[in-house]
Amino acid sequence: MNVVLIGFMGAGKTTVGRMVAGRMGYAFVDMDEEIERAAGLSVDTIFERHGEADFRGMEAELTARLAAGDRQVVSCGGGWALNPGNVAAMAASSRLVYLRASQESILKRTGGGSRPLLNVGDRAERVAGLLRARTPVYTSVADLVVDTDELTPEQVSERILEEAATWAA
Ligand code: S3P
């Protein structure tokens, strides 16, 4: 079994994923970091030089590889779940956990980071639009939804671990 963390930028997927993997004794994979390592380029630079479509292709390729693995906690980029092929590839071997965050939390948590999709004049407007489009998708593919607004990363991890104890190994 794999645990796949999905949700918007700033939801805490990387922080929580690392904690959950440590506690479960599973391997931790951060998809953005893995793509950066393989390409030898930052996500920013991939978007800038090659465009978003190429990045999505890299995401899909990595997903196909991870789908064959077991006992992994995978933190996905915020756009990963939007590709039904990605979700279908992981579904058989994984439980999908949606880390939900409000627009306010997202704006707070993504303040300084280098996120090409939020590198625009009106960040709040961009976040609102993406959230509107993505929230129904995140919700519909998730096996578990954790509302992160009022929780620390440790508390979010605990919630996932409780649920993971009921999932077949
Ligand atoms: C993206 C989210 C980013 C990264 C890329 C695109 C998105 O990952 O994959 O910038 O489409 O939401 P994080 O959610 O880890 O920031």
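These numbers come from the heavy atoms of this one structure, side chains and all, not from hydrogens, waters or symmetry mates. Order of appearance sets the numbers: ligands from 1, and atoms from 1 within every ligand.
Relative orientation of the Tyr138 and Tyr98 rings is tilted, given thresholds of 30° and 60° on the angle between their planes.
Closest protein heavy atom to atom 7 (C) of ligand 1: Gly79 N, 3.3 Å.
Ligand 1 does not have Trp80 within reach: every non-hydrogen atom of the residue lies 4.0 Å or more from it. Using a non-hydrogen distance threshold of 4.0 Å, Arg134 registers as a contact of ligand 1.
Gln72 approaches Leu66 most closely through the heavy-atom pair NE2-O, 3.0 Å.
Residues forming a side-chain hydrogen bond (donor to acceptor under 3.5 Å, both in side chains) with Thr15 (at least two apart in sequence, or on another chain): none.
Taking only nitrogen or oxygen atoms, main chain and side chain alike, Glu59 does not reach within less than 3.5 Å of ligand 1. Residue Asp32 has at least one nitrogen or oxygen atom sitting less than 3.5 Å from a nitrogen or oxygen atom of ligand 1, judged on distance alone.
Note on Leu5: it does not cluster hydrophobically with Met9, by side-chain heavy-atom contacts below 4.5 Å among ILVMFWY residues.
Using a cutoff of 4.0 Å between basic side-chain nitrogens and carboxylate oxygens, Arg159 and Glu163 are scored as salt-bridged.
Between atom CG of residue Leu131 and atom CD1 of residue Ile106 there is a gap of 4.0 Å, rounded to the nearest 0.5 Å.
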Enumerate donor-acceptor pairs with a distance under 3.5 Å from any side-chain N or O in residues 75-91 to protein atoms, sequence neighbours excluded.
from	atom 1	to	atom 2	distance (Å)
Ser75	OG	Lys13	O	2.7
Trp80	NE1	Thr63	OG1	2.9
Asn83	OD1	Gly85	N	2.7
Asn86	ND2	Trp80	O	3.0

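Ligand-side atoms of ligand 1 in range of Pro116: 10 (O), range being under 4.0 angstrom from any heavy atom. If you number the atoms of ligand 1 from 1 as listed, the ones under 4.0 Å from a heavy atom of Val43 come out as 5 (C), 10 (O). Numbered from 1 in the order shown, with element, the atoms of ligand 1 that lie under 4.0 Å from a heavy atom of Phe55 read 9 (O).
The side chain of Arg115, and not its backbone, has at least one atom closer than 4.0 Å to an atom of ligand 1 (non-hydrogen atoms only; side chain from C-beta on). Under 4.0 angstrom from ligand 1, there are no non-hydrogen atoms of Met31. Counting heavy atoms under 4.0 Å from ligand 1, residue Leu117 touches it through the side chain alone.
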Decide side chain to side chain contact (heavy atoms under 4.5 Å, CB included) for Glu52 and Arg56; before the verdict, give the C-alpha distance in whole Å, the side-chain angles of both, and the deciding distance to 0.1 Å. CA-CA 6 Å; Glu52 181 173 350; Arg56 298 302 173 198; 2.9 Å; yes
So Arg123 and Leu107, side chain to side chain contact (heavy atoms under 4.5 Å, CB included) or not? Walk me through it. CA-CA 8 Å; Arg123 229 160 46 84; Leu107 285 171; 4.0 Å; yes
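With distances taken over non-hydrogen atoms, the option nearest atom 1 (C) of ligand 1 out of Ala81, Gly7, Gly78, Ser75 is Gly78. The closest non-hydrogen atom to atom 6 (C) of ligand 1, taken over Arg109, Arg56, Glu33, Glu52, comes from Arg56.
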